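Data block below; observations after.
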Amino acid sequence: MARITASVYTSHVPAIGAAMDLGKTQEDYWKPLSAGYDFSKQWMKDNKPDVIFLVYNDHATAFSLDMIPTFAIGTAAQYQPADEGWGPRPVPLVPGHPELASHIAQSVIQQDFDLTIVNKMDVDHGLTVPLSLMCGEQHPQTGAWPCPVIPFAVNVVQYPVPSGRRCFQLGQAIRRAVESFDEDLNVHIWGTGGMSHQLQGARAGLINREWDNAWLDKLINDPAGCADTPHIDYVREAGSEGIELVMWLIARGAMADVAGGPAPKVAHRFYHVPASNTAVGHLILEN
């Protein structure tokens, strides 16, 4: 059967993608952040998955205020990098895995989670920046991502947004879905977005290092308790965009210990401030 062997957590700041695309990663501002992912790039080569299930949020490219799915799963064979106003990122097309994606959709919907099935969509920096951080820079014509990707978009942009508890439970349903797929596949599940940041208003530029790292501790050691963090705490402590962290709980809910297995191994942990007014958090957990 298919199995989830690891979960990856990372911020998906658009300016990181721009720095990579413009060759600025070794400049003084970006060099410390880039160094924090050196381990991760090698880890990806040493632990190459067959499929990545990538949880992210769309930034008004595939979806708009006209239609806002709470949870949307991509079932296409490939995905075009989105034009977010300055042209698509110069990265390769993202290959999909329609068979596993459709199976997960069927299974998770039968477990009473209402998913929107998307057979065609472009993917923005929320998905491509994590791929670049973990897999390195890839030429749009001659490069390729290491494996197929299943995009899973979560609405954390327009209220009402899903609760952390609901996301955590959804991760458990996704694990059961993966394990019921009748093919020997090594699957990674990634949760992206966050950490503390606020992009507008009187608190624009807010960063809360202490809260971020305490939340990471709890995500690792007490995921069920972490999932009970109320929405107001994310907004108060981590800024208006800190709510993106609920997407990390989908990935954490899919790990074996949540279903009674052993605690995951922390393969890598990294935290850096700033990256374009955002706190960057990164974590790799192995089952």
Side-chain angles (χ1 to χ4, degrees), residues 1-10 12 17 37 40-58 61-62 71-82 88-109 115-154 170-171 173-193 247 250-251 254-255 284-287:
M1 66 180 183
R3 66 218 178 275
I4 293 174
T5 60
S7 53
V8 173
Y9 311 80
T10 182
H12 59 214
Y37 287 85
S40 308
K41 292 182 178 70
Q42 186 60 49
W43 180 88
M44 273 294 290
K45 293 176 181 177
D46 297 339
N47 299 272
K48 181 178 174 294
D50 297 311
V51 184
I52 296 167
F53 188 95
L54 202 156
V55 183
Y56 73 109
N57 63 288
D58 177 74
T61 53
F71 301 116
I73 186 168
T75 55
Q78 67 177 21
Y79 304 90
Q80 170 71 45
R89 283 195 67 211
V91 295
L93 291 172
V94 179
H97 199 299
E99 297 81 11
L100 180 58
S102 297
H103 171 83
I104 291 172
Q106 166 77 13
S107 175
V108 169
I109 289 171
L115 306 186
T116 298
I117 297 169
V118 186
N119 295 313
K120 181 181 179 181
M121 67 175 173
D122 293 348
V123 290
D124 67 18
H125 72 269
L127 184 136
T128 62
V129 166
L131 286 175
S132 294
L133 284 168
M134 294 296 297
C135 307
E137 298 170 41
Q138 304 291 336
H139 190 276
Q141 277 78 47
T142 59
W145 303 118
C147 67
V149 177
I150 298 174
F152 193 85
V154 180
L170 176 56
I174 291 167
R175 178 190 54 78
R176 291 189 289 265
V178 169
E179 292 179 351
S180 68
F181 188 65
D182 191 18
E183 187 177 337
D184 185 19
L185 291 177
N186 172 11
V187 180
H188 289 179
I189 184 166
W190 295 12
T192 73
M247 295 187 290
I250 296 177
M255 295 297 283
I284 299 174
L285 299 180
E286 297 175 350
N287 266 330

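What you are looking at is a predicted structure, and each value in this text was computed from that prediction instead of being measured.
- Nearest heavy atom pair, residue P81 against residue P92, reads CG-O, 3.7 Å.
- For A144 against Q138, the heavy-atom pair with the smallest separation is O-OE1, 3.3 Å.
- Here L133 contributes atom CG and T128 contributes atom OG1; the two are 9.5 Å apart, rounded to the nearest 0.5 Å.
- I104 and A177 get closest at one heavy-atom pair: CA-CB, 4.0 Å.
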If you apply the rule side chain to side chain contact (heavy atoms under 4.5 Å, CB included), what do you find for I150 with V187, and how did you get there? CA-CA 10 Å; I150 298 174; V187 180; over 6 Å; no
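- With 3.5 Å as the limit, one finds a donor-acceptor pair spanning the side chains of T5 and N186.
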Under the side chain to side chain contact (heavy atoms under 4.5 Å, CB included) criterion, do V91 and L131 qualify, and how do the steps go? CA-CA 10 Å; V91 295; L131 286 175; over 6 Å; no
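- Note that the CZ atom of F152 and the CD1 atom of I250 stand 5.5 Å from one another [nearest 0.5 Å].
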Side chain to side chain contact (heavy atoms under 4.5 Å, CB included) between F53 and V55, worked out: CA-CA 7 Å; F53 188 95; V55 183; 3.9 Å; yes
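- For the pair I284 and M134, the minimum side-chain heavy-atom distance is below 4.5 Å.
- With a 4.5 Å cut-off on side-chain heavy atoms, F71 and V108 do not count as touching.
- With sequence neighbours left out, F181 forms a ring pair (Phe, Tyr, Trp, His ring centres under 6.0 Å) with H103.
- For E179, the salt bridge (charged side-chain N to carboxylate O under 4.0 Å, His left out) partners are R175, not counting sequence neighbours.
- In this structure, the separation between CG on L127 and CG on D58 is 10.5 Å, given to the nearest 0.5 Å.
- Residues satisfying the ring pair (Phe, Tyr, Trp, His ring centres under 6.0 Å) criterion with H12, sequence neighbours excluded, are H59, H125.
- To the nearest 0.5 angstrom, E183 atom CD is 5.5 Å from H97 atom NE2.
- Annotation: ring pair (Phe, Tyr, Trp, His ring centres under 6.0 Å) contacts of Y9 (sequence neighbours excluded): W248.
- The CD atom of E286 sits 8.5 Å away from the CE atom of M255 when rounded to the nearest 0.5 Å.
- Taking D182 as the reference, nothing meets the side-chain hydrogen bond (donor to acceptor under 3.5 Å, both in side chains) condition, with sequence neighbours excluded.
- Taken from OH in Y79 to CG in L54, the straight-line distance is 11.0 Å, to the nearest 0.5 Å.
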Going through the distances and angles, do C147 and D50 end up as a side chain to side chain contact (heavy atoms under 4.5 Å, CB included)? CA-CA 6 Å; C147 67; D50 297 311; 5.9 Å; no
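- Taking all atoms of both residues into account, the shortest heavy-atom contact from Y56 to P151 is CE2-CB, 3.8 Å.
- Remark: side-chain polar atoms of N287 are paired, donor with acceptor, to backbone N or O of I4 under 3.5 angstrom.
- Nearest approach of G17 to R89, heavy atoms of both residues: O-NH2, 3.7 Å.
- When side chains are defined from C-beta on, W145 counts as touching S132, because their heavy atoms get closer than 4.5 Å.
- Judged as a salt bridge (charged side-chain N to carboxylate O under 4.0 Å, His left out), and not counting sequence neighbours, the contacts of R3 are D184.
- Shown here for I52 and W190, the closest heavy-atom pair between the two residues is CD1-CZ2, 3.5 Å.
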